[in-house]
Amino acid sequence: MTYGGSIVLIVIGAILRFAISYSPTYVNLRLVGLILMIAGIIGLIISLVWMFGRRRRTVTTTSAAAPQTEVYEERRYTEPPL
């Protein structure tokens with residue numbers, strides 16, 4: 001889930017939880033709103049952890065001839081190799 005999807009879930013859940021006064025017979029809209037907000041918060045946390053889990057750094061070295069830019073990307077794999 002991306003940031004946008006997580007924020008949409010939080011917003012829809014907040015609308016169902018706090019702004020809707022209609023109460024159907026068989027569906028508790030306040031509980032559905034709470035569940036959507038919790039799912040959105042969990043999705044936002046997971047996407048932030050995933051984003052900060054990847055590291056990328058740029059090293060620039062300068063010399064008399066021409067400046068060179070080297071990019072090192074560090075990847076962390078959570079699954080064991082087959």
Side-chain angles (χ1 to χ4, degrees):
M1 184 179 304
T2 61
Y3 306 116
S6 299
I7 291 173
V8 166
L9 283 179
I10 293 170
V11 168
I12 291 173
I15 290 171
L16 288 176
R17 174 85 172 147
F18 302 114
I20 303 292
S21 62
Y22 175 70
S23 179
T25 307
Y26 298 109
V27 178
N28 187 354
L29 290 181
R30 290 182 163 233
L31 182 62
V32 171
L34 182 64
I35 291 170
L36 287 176
M37 285 192 299
I38 291 172
I41 290 169
I42 290 172
L44 187 62
I45 290 170
I46 289 172
S47 59
L48 286 174
V49 167
W50 181 76
M51 182 186 76
F52 288 121
R54 293 178 30 189
R55 287 189 167 189
R56 185 174 183 165
R57 59 185 173 145
T58 304
V59 177
T60 304
T61 57
T62 58
S63 65
Q68 298 176 350
T69 302
E70 298 178 18
V71 177
Y72 297 99
E73 187 168 329
E74 185 178 308
R75 295 184 182 193
R76 297 179 184 167
Y77 296 102
T78 56
E79 298 177 0
L82 297 176

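Numbers here are sequence positions counted from 1.
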In terms of hydrophobic clusters joined by side-chain contacts under 4.5 Å, are Phe18 and Ile41 together? no
Any Ser23 side-chain heavy atom under 4.5 Å of Leu29 side chain: no
Can you measure from CZ (Arg17) to CD1 (Ile35) and round to the nearest 0.5 angstrom? 10.5 Å
State plainly whether one hydrophobic cluster holds both Ile42 and Val49, where clusters connect Ile, Leu, Val, Met, Phe, Trp and Tyr through side-chain heavy atoms under 4.5 angstrom apart. no
Ile12 CD1 to Met37 CE distance, which is reported to the nearest 0.5 Å: 12.0 Å
Of all the heavy-atom pairs spanning Ser6 and Gly40, show the shortest one and how long it is. CB-O, 3.4 Å
Are Ile10 and Ile45 joined in one hydrophobic group, where the rule is that I, L, V, M, F, W and Y side chains link up if heavy atoms are under 4.5 Å apart? yes
Shortest non-hydrogen contact between Leu44 and Tyr3, atoms and distance: CD1-CD2, 3.9 Å
ILVMFWY cluster, Tyr22 and Leu16 together (side-chain gap under 4.5 Å): yes
Spell out, yes or no, whether Ile15 and Leu36 are grouped together once hydrophobic residues are joined by side-chain heavy atoms under 4.5 Å, including indirect joins. yes
Gap separating the CD1 atom of Ile7 from the OG1 atom of Thr2, nearest 0.5 angstrom: 8.5 Å
